[in-house]
Amino acid sequence: MPEGHSIHRLARQLTDVFAGQRVRVSSPQGRFAAGAALLDGHVLTGAEAIGKQLLIHFKNHDGEGPGRGEYGDGDRQGPDGDENGEHRVLRIHLGLYGAFSFGGDASFRGASSIGAPRRIGETESGAQPGGEYLGPPAPVGAVRVRLVSEHGWADLRGPSACEVLTSDDVRALRAAAGPDPLRSGAPAAADDAGGAPAAADDAGEFSGRLRRRHVACGQLLMDQGVIAGIGNVYRAELLFRAGIDPYRPGKRVTEQEAVDLWADAVFLMRDGVRLGRIVTTQRDPAHAVAVQDLTLDVDAADIPEEHGRFVYKRTGQPCPRCGTPVASAVMAGRNLYWCPGCQH
DNA sequence: CCCGGATGGCAAC
DNA sequence: TTGCCCTCCGGGC
C-alpha cells in the first residue's frame, strides 16, 4: 500500500528511535527466525529508503576487540561500503499490506520526528497515557520481525520481502534502482541516514530512462528502474497534473515534459513525507504544471482528504480541468485513472 | 460476518 | 497475462 514517501518516513522513524542503540531482533511469527538471529544484539546504525525499498543497517557491537575503525564519517557512500563482514543490512519491502507499528516510553515517542504515525504503513501503539512503559506487548497476529531497544519496540507484519543482505546484494540493489525523487537534491535535513547527495542530474537520468523506452509512460512511471518510489496514486496524479496521456510511449514524452514531471514528483513526494498522506491538488509556486490554475494555493496539510486528488479513484466524475468523465482501465495489472479529454 | 479490494512485486504459465 | 503472497479493514449482507 505504501508508496515511496511512506518508506522514507519509516526510515526516518527507525533512525530516530533506534539509531545507535543495541536492539534485540526476533521473529515471533517464526518465518524470519534465521535472519533475526543474524541481527540480534547488534547496534542499529540507521535506516534508509531507496524508492520503496527499506534498508536497516546494523553493526556487530560485540567488539571487545581493539577498536575497529569507525565508519568513515565523511563517507557518504553509505555504510555498506564496509567489507569486514560485521555490517549487516536488513532489506524490507512492504508490498501491498506490510506495516510497522511502534511503541515505547516517553523518550522513545519523543525521538520521532515524523509526528503522529499514519494508518498506511505506520501505526503507533503502547502510548499508555498515564501508565508506565512496561516493555513490548505480547505479539498480536503475525509479527514477522520485532525490534526491541531499551526504550521501545517496532513490529513488522506482512512484508513481501524481509531478508538479510550481503554487501554485494546491497550494491546490486542500489545499481538497479532508478533515481529517487526523495533522495534528490538537498531536502534540508529532511533526508534519511544513508542518503547520498544525489547527482544534480537526477532529472536528466530519469528523462533518459523514460524517453528511451517505447512502453506506455503510465507503465514506465511504475517501473522502479526508471524512477524509484512512484506508486499507483502518484503515477495517475503526476500525469494528470502534467496533462500527459498515460498511453503515450515514453519515447514520445519530450525532454521538457520529463524534466517537469521529475520536478513535480520531488515537490509532491516531499509533501507526502511531511504529511504522511498523499495530496496532489496543491500548488507548487516554483513550478508551473498544466493544471496550475486548478491547484489550491494553500498548505497541503490544510487540504481535506476528499479534495486531495484530481483523478485517482474518481472514475466517472467530471474532470476538474475539462469536464470529461474520468476514465479507468487496467494497465500492467494495476488500476489506472486519467482524463481522456485533456491528457494528450 | 464474510468478501474483496488495496498506495506491490514476483514467479510461473 | 495470471496467480500468489498473506494482512487489514470497510462495505455489504
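Mapping A/H5 and A/Q53 onto DNA chain B by nearest heavy atom places A/H5 at the nucleotide closer to the 5' end.
Separation of the C1' atoms belonging to C/dT1 and B/dT7 is 22 Å when rounded to the nearest angstrom. Between the C1' atoms of B/dG4 and C/dG3, the separation comes to 16 Å (whole Å).
Between the OH atom of A/Y234 and the P atom of B/dG8 there is a distance of 11 Å, given to the nearest Å. In this structure, A/L182 atom CG and B/dT7 atom C1' are separated by 14 Å, rounded to whole Å. Distance CG (A/L336) to C1' (B/dT7): 14 Å, rounded to an integer number of Å. Spacing between atom CG of A/L173 and atom P of B/dG9 amounts to 12 Å, rounded to whole angstrom units. Atom-to-atom, CG of A/L10 to P of B/dT7 comes out at 18 Å; the value is rounded to the nearest Å. In this structure, CG of A/L96 is placed 16 Å from P of C/dG3, rounded to the nearest angstrom. In this structure, A/R235 atom CZ and B/dT7 atom C1' are separated by 11 Å, rounded to whole Å. Residue A/M331 contributes atom CE, which lies 15 Å from atom C1' of C/dT1 at whole-angstrom precision.
Distances from the side chain of A/R31 to the nucleotides B/dA6, B/dG8, C/dC5 place C/dC5 closest. With B/dG8, C/dC5, C/dC8 as the choices, the nucleotide that has an atom nearest any side-chain atom of A/R157 turns out to be C/dC8. Of all nucleotides listed (B/dG9, C/dC6, B/dT7), B/dT7 comes nearest to the side chain of A/K313.
Not one side-chain nitrogen or oxygen of A/R144 sits closer than 4.0 Å to the OP1 or OP2 atom of C/dT7. Between A/K52 and B/dG9, a side-chain N or O to OP1/OP2 separation shorter than 4.0 Å is present. For B/dG8, neither phosphate oxygen OP1 nor OP2 lies less than 4.0 angstrom from any side-chain nitrogen or oxygen of A/N232.
In this structure C/dC5 sits in a base pair with B/dG8, meeting the Watson-Crick or G-U test at under 3.5 Å. Base-pair partner of C/dC13: not found among the strands shown (Watson-Crick or G-U wobble, both distances under 3.5 Å).
Ring centers of A/Y133 and A/H151: at least 6.0 Å apart, outside the cut-off.
To the nearest 0.5 angstrom, A/R235 atom CZ is 4.5 Å from A/L336 atom CG.
Relative ring orientation between A/F108 and A/F102 is described as tilted, the plane-to-plane angle lying within the 30° to 60° band. Between A/H5 and A/Y234, the ring planes are perpendicular. Angles over 60° get that label, and only those under 30° would be called parallel. Note: A/Y337 and A/Y312 have perpendicular aromatic rings, judged against thresholds of 30 and 60 degrees for the angle between ring planes.
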